[in-house]
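This report concerns only the one structure given below.
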There are 2 protein chains.
Amino acid sequence: MVRARSEERRAEILRAALEVIAERGYRGATLGSVAERVGLTQQGLLHYFPTKEALLVAVLQERDRWDTSGGRDRENWRLDLLESLVEYNAMRPGIVQTFSALLGESVTDEHPAREFFTERYGQVRSSMADVLRLEFGERLPSGLTPERAAPLLTAVLDGLQYQWLLDPSAVDMPDAFRDFLRLLRGDDSRP
Amino acid sequence: MVRARSEERRAEILRAALEVIAERGYRGATLGSVAERVGLTQQGLLHYFPTKEALLVAVLQERDRWDTSGGRDRENWRLDLLESLVEYNAMRPGIVQTFSALLGESVTDEHPAREFFTERYGQVRSSMADVLRLEFGERLPSGLTPERAAPLLTAVLDGLQYQWLLDPSAVDMPDAFRDFLRLLRGDDSRP
DNA sequence: ACCCACTTACCTGTAGATCGGTAGGTGACG
DNA sequence: CGTCACCTACCGATCTACAGGTAAGTGGGT
């Protein structure tokens, strides 16, 4: 019973941490503000996560678990699933903001999330290549190999997120992503 | 003479600030560490820039001045100039890191650079649309209008930078960008 | 049913740093 | 003599983290 309550608390804390990181980034986030959001003192929070970095690691791990659960294994993705993922993200600015902020911070030296993102982007590119191979075979209509198109696909996803976060009214993220897919498919029908 | 020395100092400080922001982001950067790098005390630095935010603003303004100087006016860009810009960036990880870190941070609430980037991306998209129109006219080979392709072009530039910063050995930024241009051109020659 | 040893889930208090910024100099130079 | 370019000396606010306490369980033996 206590155990269950504890797990529940941890989940609450992680959700609060996600919010605070979205609002202020990891460096700008404080243990106190996360604690406050779940009705704890800062020291009470440290009972669950011994250091600030441990909390960040838990947030990243949860993201990984979420990403790779519920038939969302990256092996099984297809292009149209990616399309709906983008649509889904467009309805969840909070999550997108959290991880865009973390990605941005992580390129600075010795950032605790740097290794996580480095490794993760390697995996993402290779998943994207798989997706593309599944869809197009060894050559896309443009002549590109899946391995060469994968970084572009990944870049578009991230880059659109930043533009959309800065000004949601200026960029329709799902539409823009569909435009990119049209590019990949070599489809020249007029939108 | 004193005036000249002062301007010189300001330039040194801005360069140091650029470095420190690249290493730790804006929030992680401290006035003390910037000051140390130019051989000043933190309070000595505040003589030139009255607040930390003023220093950031100056850094961003300098970036703007640099961007739009020396025939680099965004009006005059062409696609092959963009290509060499990417090559140029690939030799300057420091600068790229500074502005990628700032862009990432800027999506958080009330970040002092948020407005700057929001406005700037609006301008960038419109410049990119101009470049594309100059190159392709009203329709790209894919059928996209310049306005719809511009966010994608912008996204690819930024997204590739993040991947490259995280793992320079994993992504050849100039090559990948050329791949994207091939996509835009609808060129299906095998690379 | 009850006591006891132990754990869990917090809290108060605070050490120890650091940070941005203010106030008020001082010396060199024009 | 006045202004510029700094410096020393602080201040108040945070922030992370550690120490140590306490109240409320939890489980086993009797």
Side-chain angles (χ1 to χ4, degrees), chain A residues 1-60 101-102 105 108-113, chain B residues 1-60 101-102 105-106 108-114:
Chain A
M1 203 68 11
V2 162
R3 193 102 198 140
R5 175 86 188 128
S6 178
E7 284 304 307
E8 196 178 312
R9 261 285 200 236
R10 284 179 63 97
E12 283 179 54
I13 292 170
L14 287 178
R15 194 167 39 77
L18 224 70
E19 288 174 20
V20 173
I21 292 174
E23 287 165 20
R24 334 231 291 245
Y26 170 68
R27 282 198 173 96
T30 94
L31 294 177
S33 60
V34 175
E36 193 185 19
R37 222 165 273 225
V38 291
L40 277 180
T41 62
Q42 178 241 124
Q43 295 85 341
L45 193 159
L46 285 176
H47 171 69
Y48 291 91
F49 301 94
T51 67
K52 188 184 177 185
E53 194 170 324
L55 176 58
L56 173 64
V57 168
V59 165
L60 296 174
L102 283 177
E105 273 184 299
T108 59
D109 298 348
E110 289 164 28
H111 192 281
Chain B
M1 203 63 12
V2 161
R3 195 99 195 138
R5 175 86 189 130
S6 179
E7 284 304 309
E8 197 177 313
R9 263 284 199 235
R10 284 179 63 96
E12 284 178 54
I13 292 170
L14 287 177
R15 195 165 38 80
L18 224 70
E19 288 173 20
V20 173
I21 292 174
E23 287 164 21
R24 332 228 294 242
Y26 171 67
R27 282 200 173 95
T30 136
L31 294 176
S33 62
V34 175
E36 193 185 17
R37 222 165 274 226
V38 291
L40 277 180
T41 62
Q42 178 236 119
Q43 294 82 351
L45 192 158
L46 285 174
H47 171 68
Y48 290 92
F49 301 94
T51 67
K52 189 185 177 184
E53 195 169 325
L55 176 58
L56 174 64
V57 167
V59 164
L60 296 174
L102 282 178
E105 271 184 301
S106 76
T108 60
D109 299 347
E110 289 164 29
H111 192 282
R114 174 152 198 162

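Letters A, B, ... are given to chains in the order of the sequence lines, protein chains preceding strands, and every chain is numbered from 1. Fair warning: this is a prediction, and the values are worked out from it, not measured in the lab.
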With respect to the phosphate group of dT8(C), does any side-chain polar atom (N or O) of Ser6(A) fall under 4.0 Å of OP1 or OP2?
no

Under a 4.0 Å N-O cut-off, is there an ion pair linking Glu12(B) with Arg15(B)?
no

Euclidean distance, atom OH of residue Tyr26(B) to atom P of dC19(C) [Å, nearest integer]:
14 Å

How is Ala29(A) classified with respect to the nucleic acid when contacts are heavy atoms under 4.0 Å: base, sugar-phosphate, or nothing?
sugar-phosphate

Atom CG of Leu45(B) and atom P of dT8(D): how far apart are they, to the nearest Å?
15 Å

Of all the nucleotides listed (dG13(C), dT16(D), dG21(C)), which has the minimum atom distance to the side chain of Leu31(A)?
dT16(D)

Ignoring backbone atoms, establish whether Arg9(A) has a side-chain N or O less than 4.0 Å from OP1 or OP2 of dT8(C).
no

Inter-residue atom distance His111(B).NE2 - Arg27(B).CZ, 0.5 Å rounding:
5.0 Å

Could you state the atom-to-atom distance from NZ of Lys52(A) to C1' of dA17(C) in whole Å?
14 Å

Below the 4.0 Å mark, does dC10(C) have OP1 or OP2 next to a side-chain nitrogen or oxygen of Tyr48(A)?
yes

Are the side chains of Leu46(A) and Thr51(A) in touch, meaning some heavy atoms are under 4.5 Å apart?
no

Using whole Å, what does the distance between atom C1' of nucleotide dT18(C) and atom CZ of Arg27(A) come to?
15 Å

Counting side-chain heavy atoms from C-beta on, which of dT12(C), dG21(C), dA9(C) comes nearest to Thr41(A)?
dT12(C)

Could you check whether any side-chain N or O of Glu53(A) sits under 3.5 Å from a backbone N or O of Pro112(A), counting only pairs where one atom can act as donor and the other as acceptor?
no

Using whole Å, report how far CD of Glu53(A) lies from P of dC15(D).
18 Å

Once you round it to whole Å, what is the distance between P of dC10(C) and CZ of Arg10(A)?
13 Å

Rounded to whole angstrom units, what separation is found between the CD atom of Glu8(B) and the P atom of dC6(D)?
11 Å

Both Gln43(B) and Gln43(A) contact DNA chain C. Which one's nearest nucleotide lies toward the 5' end?
Gln43(A)

Pairwise side-chain contact, Phe49(A) with Leu31(A), heavy-atom cut-off 4.5 Å (strictly under)
no

Given atom CD of Glu36(A) and atom P of dC10(C), what is their separation to the nearest angstrom?
16 Å

Can a side chain N or O of His47(B) be found less than 4.0 Å away from OP1 or OP2 on dC6(D)?
no

